[in-house]
Colleague: 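One structure, as structure tokens, below. Some questions next.
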Number of protein chains: 2
Amino acid sequence: MTTSQLAKKASVNLETVRYYERRGLIPEPPRTESGYRDYSQDIIARILFIKRAQDLGFTLKEISELLSLRVDPDTTCCDVRQRTETKIRDVDEKISDLQRIREALTVLVQSCKGKGPTSACPILEAIDTKETSHANH
Amino acid sequence: MTTSQLAKKASVNLETVRYYERRGLIPEPPRTESGYRDYSQDIIARILFIKRAQDLGFTLKEISELLSLRVDPDTTCCDVRQRTETKIRDVDEKISDLQRIREALTVLVQSCKGKGPTSACPILEAIDTKETSHANH
DNA sequence: CTTGACTCTGTACCTAAGTAAAGAGTTTAT
DNA sequence: ATAAACTCTTTACTTAGGTACAGAGTCAAG
């Protein structure tokens with residue numbers, strides 16, 4: 001099938017298909033005599049795999065590696081499991097960062113009654129006058 | 001003081017100072033006769049404000065807006081408070097997304113004993129064969 | 001045959017926040 | 001005076017994941 005047929009069946013943009021090929025996520029397909037790409041049916045599933053792995057937080061680079069692992073006879077489940085555990089740790093760290101930010105923002109909001117000019121706003125003042133925490137950044 | 005003196009005192013890269021000027025976060029300073037920028041001391045504090053607001057999760061665009069609010073006589077604390085509350089909601093949404101991802105990844109890891117070839121890996125199979133959740137994306 | 005829709009390639013563009021580099025002018029210390 | 005370090009402007013580049021577009025070739029339906 002053509003590129004746009006594949007894109008429609010996999011629910012991605014036509015350009016995205018070509019992008020994934022450039023990035024090595026899908027193989028370059030055979031061509032028709034006129035030079036059109038001629039995709040086989042299994043590429044639909046491959047693109048769906050990519051999008052689902054993206055939903056799980058894997059980057060395209062990581063997904064490309066997973067796809068390679070899948071067909072490499074020298075690798076085991078253990079490799080995949082480890083990458084998934086690493087991703088969990090990445091996610092945990094991001095959550096922690098965001099929770100730290102949330103707490104700081106909450107403190108700021110609670111310090112501000114929402115009345116008065118911005119020139120005397122406790123939030124802006126707190127950001128402005130905080131001790132040299134950045135210097136230790 | 002010169003650009004690099006400012007950069008050192010504010011603990012940012014020389015290029016970053018010029019970048020912030022291009023982005024309108026800091027004003028274009030007066031120049032010496034030779035064309036060198038001549039920054040006043042208060043710009044140090046301004047850059048520190050920017051970095052601290054960044055640490056709190058605000059984008060440079062949002063920070064630029066906060067800085068404008070600070071000197072606008074028509075705005076009140078309420079404006080700042082609302083932006084901070086919006087940022088909290090942004091952060092909450094990101095945390096929720098990440099927690100959803102974490103849960104899905106955890107389920108995957110628990111399904112895999114780490115033994116066997118990747119061709120029969122429960123994690124990869126789950127990503128591969130998940131029902132048409134993407135199509136509903 | 002004609003026209004519109006399709007395909008292709010290669011390049012450019014977007015977002016956000018920087019960072020790098022070339023070439024030319026200026027400053028500083030010896 | 002000299003050389004090295006500095007400053008400037010302009011342009012380009014990075015990351016990640018796309019998306020757009022021009023110009024040329026191809027396909028399909030009327």
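Chain A is the first sequence line, chain B the second, and so forth, proteins listed ahead of strands; every chain is numbered from 1. Fair warning: this is a prediction, and the values are worked out from it, not measured in the lab.
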Colleague: How many Å lie between OH on A:Y20 and C1' on D:dG18, as a whole number?
Modeller: 8 Å
Colleague: Would you jot down, in residue-number order, the residues of residues 91-103 of chain A having a non-hydrogen atom under 4.0 Å from DNA chain C?
Modeller: none
Colleague: Under 4.0 Å between a side-chain N or O of B:K8 and OP1 or OP2 of D:dC6?
Modeller: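 Checking D:dC6 against B:K8, no side-chain N or O comes under 4.0 Å of OP1 or OP2.
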Colleague: Return the value, rounded to whole Å, for the distance between atom CD of B:Q5 and atom P of C:dT27.
Modeller: 13 Å
Colleague: Rounded to the nearest angstrom, tell me the gap between atom CG in A:L14 and atom P in C:dT9.
Modeller: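 Rounded to whole Å, this separation is 11 Å.
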Colleague: Identify whether the distance between the nearest side-chain nitrogen and carboxylate oxygen of A:E85 and A:R81 falls below 4.0 Å.
Modeller: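 Here A:E85 pairs with A:R81 in a salt bridge, since their nearest N and O are under 4.0 Å apart.
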Colleague: Which listed nucleotide (C:dG18, C:dC8, D:dG17) is nearest to the side chain of A:L60?
Modeller: D:dG17
Colleague: To the nearest Å, give me how far apart CD (A:E28) and C1' (C:dT7) are.
Modeller: 15 Å
Colleague: If I take atom CG in residue B:D55 and atom P in nucleotide C:dG18, what distance separates them, rounded to the nearest angstrom?
Modeller: 10 Å
Colleague: It should be established whether A:Q54 places a side-chain nitrogen or oxygen under 4.0 Å from OP1 or OP2 of nucleotide D:dG18.
Modeller: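 Affirmative; the distance criterion is met.
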Colleague: Which nucleotide in the set D:dT7, D:dG17, D:dC8 lies at the smallest distance from any side-chain heavy atom of A:R23?
Modeller: D:dG17
Colleague: Can you confirm whether more than 12 heavy atoms, excluding those of A:Q99, are under 6.0 Å from its CD atom?
Modeller: yes
Colleague: Any chance you could measure A:E103, atom CD, to A:L98, atom CG, to the nearest 0.5 Å?
Modeller: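 That separation rounds to 11.5 Å.
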Colleague: Can you confirm whether more than 12 heavy atoms, excluding those of B:Q5, are under 6.0 Å from its CD atom?
Modeller: yes
Colleague: Please report, rounded to the nearest Å, how far the C1' atom of D:dC6 is from the CE atom of B:M1.
Modeller: 17 Å
Colleague: Taking B:R52 first and then B:D55, would you say they form a salt bridge - that is, a charged N and a carboxylate O separated by under 4.0 Å?
Modeller: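 A salt bridge is absent here (no side-chain N lies under 4.0 Å from a carboxylate O).
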Colleague: Where the side chain of A:S4 is concerned, which of C:dT7, C:dA17, D:dC8 is the nearest nucleotide?
Modeller: C:dT7
Colleague: Are B:L6 and B:L60 connected, step by step, through hydrophobic side chains (Ile, Leu, Val, Met, Phe, Trp, Tyr) whose heavy atoms are closer than 4.5 Å?
Modeller: yes
Colleague: Going through the distances and angles, do A:T2 and A:T32 end up as a side chain to side chain contact (heavy atoms under 4.5 Å, CB included)?
Modeller: CA-CA 10 Å; A:T2 62; A:T32 61; over 6 Å; no
Colleague: Could you go through nucleotides 28-30 of chain C and list every protein N or O atom that sits under 3.5 Å from one of its N or O atoms, giving the distance for each pair?
Modeller:
none

Colleague: Measure from the side-chain heavy atoms of A:T3 and tell me the nearest of D:dC6, D:dT9, C:dT7.
Modeller: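 Of the candidates, C:dT7 comes closest.
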Colleague: For side chain to side chain contact (heavy atoms under 4.5 Å, CB included), just list the numbers for A:T3 and A:Y36, CA-CA rounded to whole Å, side-chain angles, deciding distance to a tenth of an Å, and then say yes or no.
Modeller: CA-CA 8 Å; A:T3 307; A:Y36 283 23; over 6 Å; no
Colleague: Once you round to the nearest 0.5 Å, how far does CG of B:D72 lie from CG of B:L67?
Modeller: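 Between atom CG of B:D72 and atom CG of B:L67 there are 12.5 Å.
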Colleague: Could A:D90 and A:K87 be called an ion pair, given the rule that one side-chain N must be under 4.0 Å from one carboxylate O?
Modeller: yes
Colleague: Check whether any side-chain nitrogen or oxygen of A:K51 sits under 4.0 Å from OP1 or OP2 of D:dG17, and answer yes or no.
Modeller: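 A:K51 to D:dG17 OP1/OP2: no side-chain N or O under 4.0 Å.
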Colleague: Using only side-chain N and O atoms of B:R37, determine if any of them is under 4.0 Å from OP1 or OP2 of D:dT9.
Modeller: yes
Colleague: Passes side chain to side chain contact (heavy atoms under 4.5 Å, CB included), B:I50 versus B:V12? Steps please.
Modeller: CA-CA 11 Å; B:I50 291 165; B:V12 295; over 6 Å; no
Colleague: If the sugar-phosphate is the primed atoms plus P, OP1 and OP2 and the base is the rest, what is the B/S/- string for nucleotides 19-30 of chain D, using protein heavy atoms under 4.0 Å?
Modeller: BBB---BBS---
Colleague: Write down the distance between OH (A:Y39) and P (C:dC6), rounded to a whole number of angstrom.
Modeller: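 Those two atoms, OH and P, are 17 Å apart.
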Colleague: Just how far, in rounded Å, is P of C:dT7 from CG of A:L6?
Modeller: 11 Å
Colleague: So, is the end of the B:R70 side chain (NZ or CZ) under 6.0 Å from the ring centre of B:F49 and within 45° of the ring's axis?
Modeller: yes
